[in-house]
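Heavy atoms only: backbone and side chains are in, while hydrogens, waters and symmetry mates are out.
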Amino acid sequence: KGRLEADGKILLPSGQSICSKAAIEPVWYLPEIARRFGTTETNLRHSIFRMTNGMYPELITRPDIKIFLPPIGGLTVYIWGDPDTIPDE
């Protein structure tokens, strides 16, 4: 006892499970981040550029790009069963 029983939908009789994997990566929308910090987008861009030792020159040279993918780790989500059954709440 204490074993999972196959239901044929999520857990197959073979022991395999139906699972979806999703990668979630942080994306910063620079105008909103600047607004929340009470600064200008230009100041935020220059600060990030300086703090990353010039690693992302596009922050300065491409003001038309409004998003930034920060060099921090994301996370992985595993969903057992049908992802469509997850409510949008």
Side-chain angles (χ1 to χ4, degrees):
K1 299 227 174 193
R3 303 285 245 169
L4 296 175
E5 293 185 21
D7 64 357
K9 291 182 180 179
I10 297 173
L11 184 60
L12 304 178
S14 65
Q16 292 181 321
S17 64
I18 304 301
C19 180
S20 299
K21 180 179 176 181
I24 300 176
E25 296 292 332
V27 177
W28 294 353
Y29 182 62
L30 296 174
E32 179 61 17
I33 298 291
R35 184 192 70 76
R36 290 181 184 196
F37 286 155
T39 188
T40 65
E41 184 181 340
T42 301
N43 187 42
L44 175 66
R45 287 172 175 273
H46 282 278
S47 295
I48 296 171
F49 181 75
R50 281 193 315 273
M51 292 297 173
T52 59
N53 293 317
M55 203 169 170
Y56 304 99
E58 305 82 25
L59 285 165
I60 307 300
T61 62
R62 296 288 310 272
D64 59 309
I65 299 174
K66 299 295 182 185
I67 61 169
F68 177 64
L69 281 74
I72 58 178
L75 61 114
T76 303
V77 175
Y78 295 92
I79 304 167
W80 273 266
D82 183 2
D84 290 333
T85 61
I86 298 173
D88 291 334
E89 298 173 7

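Under the 4.5 Å side-chain heavy-atom criterion for ILVMFWY residues, a single connected hydrophobic cluster contains both M55 and L30. I65 and I48 fall into different hydrophobic clusters, where Ile, Leu, Val, Met, Phe, Trp and Tyr residues are linked whenever their side-chain heavy atoms come under 4.5 Å apart, directly or through other members. Tracing side-chain contacts under 4.5 Å through hydrophobic residues (I, L, V, M, F, W, Y), one never reaches L75 starting from Y78; they form parts of separate clusters. Placement of V27 and Y29 within a single hydrophobic cluster is found when ILVMFWY residues are connected by side-chain heavy-atom separations under 4.5 Å, directly or transitively.
K21 is listed as a side-chain neighbour of T76, based on a closest heavy-atom distance under 4.5 Å. Contact of the I60 side chain with the H46 side chain is registered, since non-hydrogen atoms from C-beta on lie closer than 4.5 Å.
Counting all heavy atoms, side chain and backbone alike, P70 lies closest to P26 at CD-O, 3.4 Å. Closest approach of Q16 to L11, counting heavy atoms only: O-CD1, 3.5 Å. In plain terms, the two heavy atoms of K66 and R45 that are nearest each other are CA-NH2, 3.9 Å. For Y56 against F49, the heavy-atom pair with the smallest separation is O-CD1, 3.4 Å. Of all heavy-atom pairs spanning L44 and A34, the tightest one is CD2-N, 3.7 Å. Across all non-hydrogen atoms, the minimal contact from P83 to I79 is CA-CG2, 4.2 Å.
Atom CG of D64 has more than 12 neighbouring heavy atoms from other residues, nucleotides or ligands inside a 6.0 Å radius. The number of heavy atoms from other shown groups lying within 6.0 Å of CD (E25) is above 12.
Separating the CD1 atom in I67 from the CD atom in E32 is a distance of 14.5 Å, to the nearest 0.5 Å. Between the CD1 atom in I10 and the CG atom in L4 there is a gap of 10.5 Å [rounded to 0.5 Å].
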